[in-house]
> 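Pasting a structure below so you can have a look.
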Amino acid sequence: MKTTLLSIAIKAQSHPKHRFQNLYGMLDSEFLTQSWGQLNKQAAAGIDGISIAKYKSKLPENIQRLTHQLRNKSFRANDIKRVFIPKANGKQRPLGLPTVDDKLVQQGVSQILQNIWEQDFLPNSYGYRPNKSAHKAVHSLGLNLQFKGYGYIVEADIKGFFDNMNHDWLMKMLEQRIDDKSLLGLIKQWLKARIKSPDGCFNKPESGTPQGGVISPVLANIYLHYALDLWFEKTVKPRMEGRAMLIRYADDFVVAFQYRHEAEAFYRVLPKRLNKFGLSVAPEKTHLKRFSRFHPGRKRSFQFLGFEFYWSLDANRKPRVRRYTAPKKLKAAMSEFYQWIKLNRSRPLKDTMPILKRKLMGFQNYFGLPDNSRSLSRLSNYVIRSLYKWLNRRSQRRSYNWSSFKDMLGYFKIEPLKVSKRSIPVDWY
């Protein structure tokens with residue numbers, strides 16, 4: 001499979017206008033078996049209730065059945081189970097849960113698409129791509145703002161992006177590189193699959209692709225590659241007198257400009273460009289701001305991927321771009337830790353402390369970037385105080401004083417959070 005995908009990648013890179021045929025035939029038993037190894041084994045069951053574990057118990061038979069259906073063109077996309085998960089702002093995010101059958105075939109198709117379009121994607125796109133990450137996007141953004149002389153920021157968020165992708169536009173985009181009606185028909189099946197809401201109602205979507213689908217991330221990247229990235233690179237930047245930079249992670253992006261009038265022009269034309277593709281900006285998350293070393297302070301800050309960026313003076317009185325955990329993100333994390341500790345205070349420490357440690361490490365692994373030590377320290381201290389409070393309320397007698405409490409933390413190796421010192425590559429724009 002790797003050899004086949006590599007040959008596709010090489011062909012896509014060497015022939016930018018080539019349209020691939022006979023891709024559907026790649027979905028054989030060997031390809032699906034290797035795609036199985038790429039699946040998230042912790043994913044929830046779909047509408048048929050079959051879990052990953054149950055599917056694995058008869059994996060050879062299931063793959064043989066799928067291969068037969070694909071070969072005979074009798075495979076049909078299953079309905080999607082919709083669930084809602086809470087967001088930090090109190091709202092709920094809709095997720096679509098495909099069946100394991102669909103996940104497995106989607107995994108194979110997504111790898112094919114990824115190897116074709118990875119050669120076309122621009123370096124300023126960081127979401128859902130190999131060797132790219134949110135950390136790299138955040139790090140590159142900070143250093144480019146520090147050293148490249150940008151003075152204005154347009155921070156933008158696309159409203160309900162995954163629900164509003166236009167199916168006709170998406171298929172036209174896919175046809176730029178794919179000349180295989182069978183594969184395109186398979187993708188269209190997933191786009192048009194019925195969605196079952198928690199109340200039991202079914203609806204057939206006219207637009208969008210459900211978040212939670214294995215293939216949704218690469219489809220989202222392809223959509224915004226044509227709708228936003230190429231437009232900015234080929235149309236917007238050549239008209240600029242000063243420097244201009246776009247950094248995007250999925251549907252969250254930031255655009256920086258050297259001159260105010262060019263930032264204002266982009267800010268005006270952006271909604272029109274997105275409307276052409278059935279999209280719109282979220283007004284409460286889209287702003288034009290002055291962001292310059294000559295105007296330091298947190299009042300002129302902006303947010304990107306959970307971090308807040310601002311200019312500040314360092315110890316030598318020189319201006320620096322700094323970043324810290326966005327206040328809403330930090331407040332939401334504190335509340336989540338507090339509630340979890342409160343609910344689990346009566347459980348045995350041998351069960352809860354390893355979980356708490358993993359949760360803390362998860363926060364540190366994402367937010368533990370240089371310049372963010374204060375946010376990490378604030379959360380760490382808050383969690384320790386909350387833990388001390390609720391462990392001492394498990395009964396009428398106090399369980400710990402501070403000395404014995406610190407010994408307990410040491411036993412479970414729960415330590416204060418620290419920033420990472422690892423090196424992160426920078427993409428210069």
Side-chain angles (χ1 to χ4, degrees), residues 87 89 91 93-94 121-122 124-128 134 137 141 144-145 150-174 176 191 205-211 216-217 219-292 300-309 326 328 429:
K87 297 172 64 175
N89 59 7
K91 298 181 180 179
R93 182 189 304 278
F121 289 152
L122 302 182
N124 59 347
S125 168
Y126 287 85
Y128 314 124
L141 176 61
N144 276 280
L145 292 174
Y150 299 102
Y152 298 87
I153 288 290
V154 176
E155 56 174 335
D157 186 86
I158 300 175
K159 185 177 181 180
F161 169 68
F162 283 91
D163 293 329
N164 292 297
M165 290 166 54
N166 183 281
H167 290 170
D168 293 335
W169 270 116
L170 178 57
M171 298 310 297
K172 289 179 183 178
M173 295 168 181
L174 292 171
Q176 297 298 308
L191 295 176
E206 297 297 327
S207 62
T209 176
Q211 286 181 268
S216 295
L219 293 180
N221 260 350
I222 291 170
Y223 199 87
L224 287 178
H225 170 71
Y226 291 104
L228 182 64
D229 299 352
L230 281 182
W231 169 69
F232 183 80
E233 190 69 22
K234 303 296 184 181
T235 304
V236 175
K237 284 182 71 174
R239 298 181 181 181
M240 299 291 106
E241 297 175 1
R243 285 179 291 274
M245 167 187 68
L246 181 148
I247 291 184
R248 178 177 66 83
Y249 188 94
D251 59 331
D252 195 0
F253 61 97
V254 169
V255 192
F257 295 90
Q258 183 177 1
Y259 299 129
R260 181 182 183 89
H261 69 280
E262 293 178 344
E264 291 174 340
F266 177 82
Y267 185 74
R268 288 194 302 270
V269 76
L270 176 62
K272 298 177 184 178
R273 174 67 183 182
L274 294 178
N275 286 342
K276 178 180 178 180
F277 297 92
L279 305 174
S280 60
V281 295
E284 70 280 4
K285 298 180 180 179
T286 306
H287 310 281
L288 169 60
K289 294 184 177 181
R290 182 76 164 114
F291 191 80
S292 164
R300 294 182 180 268
S301 64
F302 72 92
Q303 294 185 13
F304 183 59
L305 298 181
F307 289 89
E308 191 146 322
F309 292 77
K328 288 184 179 180
Y429 302 104

> Can you tell me how far the NZ atom of Lys289 sits from the CD1 atom of Ile153, to the nearest 0.5 Å?
10.0 Å
> Does the pair Lys172 and Leu174 meet the rule for a side-chain contact (heavy atoms from CB on, under 4.5 Å), with working shown?
CA-CA 5 Å; Lys172 289 179 183 178; Leu174 292 171; over 6 Å; no
> Looking at Ala137 and Phe304, what are the two nearest heavy atoms and their distance?
CB-CE2, 4.1 Å
> Check for me whether Arg290 meets the cation-pi criterion with Tyr152, that is, NZ or CZ under 6.0 Å from the six-membered ring centre and within 45 degrees of the ring axis.
yes
> What distance do Trp231 atom CH2 and Lys237 atom NZ have between them, rounded to the nearest 0.5 Å?
13.0 Å
> Within a radius of less than 6.0 Å around CD of Glu206, do more than 12 heavy atoms belonging to other residues, nucleotides or ligands occur?
no
> Are Lys285 and Glu155 within salt-bridge range, i.e. N to O under 4.0 Å?
no
> Do Phe257 and Tyr150 have ring centroids that are under 6.0 Å from one another?
no
> Using modelled atom types and a 3.5 Å cut-off, is there a donor and acceptor pairing between side-chain atoms of Gln258 and backbone atoms of Arg243?
yes
> Just distance, no hydrogens or angles: give the donor-acceptor pairs under 3.5 Å from side chains in residues 266-273, sequence neighbours left out.
residue : atom : partner : partner atom : Å
Arg273  : NE   : Ala227  : O            : 2.8
Arg273  : NH2  : Tyr226  : O            : 3.1
Arg273  : NH2  : Ala227  : O            : 3.4

> Taking all atoms of both residues into account, what is the closest heavy-atom pair of Pro94 and Asp163, and its distance?
CG-OD2, 4.2 Å
> Measure the shortest side-chain to side-chain distance between Tyr259 and Glu241 over non-hydrogen atoms and say whether it is less than 4.5 angstrom.
yes
> Between Val281 and Asp157, is any pair of side-chain heavy atoms under 4.5 Å apart?
no
> Give the intermediate values and the outcome of side-chain contact (heavy atoms from CB on, under 4.5 Å) for residues Leu279 and Asp251.
CA-CA 11 Å; Leu279 305 174; Asp251 59 331; over 6 Å; no
> For Arg239 versus Thr235, what's the shortest heavy-atom pair and its separation?
CG-O, 3.3 Å
> Mind running side-chain contact (heavy atoms from CB on, under 4.5 Å) on Met245 and Val255 for me, showing each step along the way?
CA-CA 6 Å; Met245 167 187 68; Val255 192; over 6 Å; no
> I'd like to know if the side chain of Ser125 reaches the main chain of Phe121, judged simply by a donor and an acceptor atom lying under 3.5 Å from each other, with no hydrogens or angles considered.
no
> Whether the Arg248 and Asn221 side chains hold a donor-acceptor pair (N or O, under 3.5 Å, no angle test) is what I'd like checked.
yes
> List the atom pairs, with distances to 0.1 Å, where a side-chain N or O of residues 164-171 and a protein N or O form a donor-acceptor pair under 3.5 Å, not counting sequence neighbours.
residue : atom : partner : partner atom : Å
Asn164  : ND2  : Lys159  : O            : 3.4
Asn164  : ND2  : Gly160  : O            : 2.7
Asn166  : OD1  : Asp168  : N            : 3.0
Asn166  : OD1  : Trp169  : N            : 2.9
His167  : ND1  : Lys192  : NZ           : 3.0
His167  : NE2  : Gly208  : N            : 3.3
His167  : NE2  : Gly208  : O            : 2.7
Trp169  : NE1  : Lys276  : O            : 3.2

> Give the minimum heavy-atom separation between Thr209 and Ser216, together with the two atoms involved.
OG1-OG, 2.9 Å
> CG of Leu141 to OH of Tyr126: how many Å apart, nearest 0.5 Å?
9.0 Å
> Rounded to the nearest 0.5 Å, how far apart are OH of Tyr429 and CG of Asn124?
5.0 Å
> Parallel, tilted or perpendicular: which describes the rings of Tyr128 and Tyr249, with under 30° parallel and over 60° perpendicular?
tilted
> If I take atom CD1 from residue Ile158 and atom CG from residue Asp252, how far apart are they, to the nearest 0.5 angstrom?
9.0 Å
> Rounded to the nearest 0.5 Å, what's the gap from CG on Asn275 to CZ on Phe277? Could you check?
11.0 Å
> Please examine the side chains of Leu219 and Leu191, heavy atoms only from C-beta on, and report whether any two atoms are closer than 4.5 Å.
yes
> Check step by step if side-chain contact (heavy atoms from CB on, under 4.5 Å) holds for Gln303 and Lys328.
CA-CA 10 Å; Gln303 294 185 13; Lys328 288 184 179 180; 5.6 Å; no
> Please report the shortest heavy-atom distance between Val154 and Ala263, naming the atom on each side.
CG2-O, 4.0 Å
> Looking at residues at least two apart in the chain, or sitting in another chain, which of them share a ring pair (Phe, Tyr, Trp, His ring centres under 6.0 Å) with Phe307?
Tyr366, Phe367
> Of all the heavy-atom pairs spanning Ile222 and Met173, show the shortest one and how long it is.
O-SD, 4.1 Å
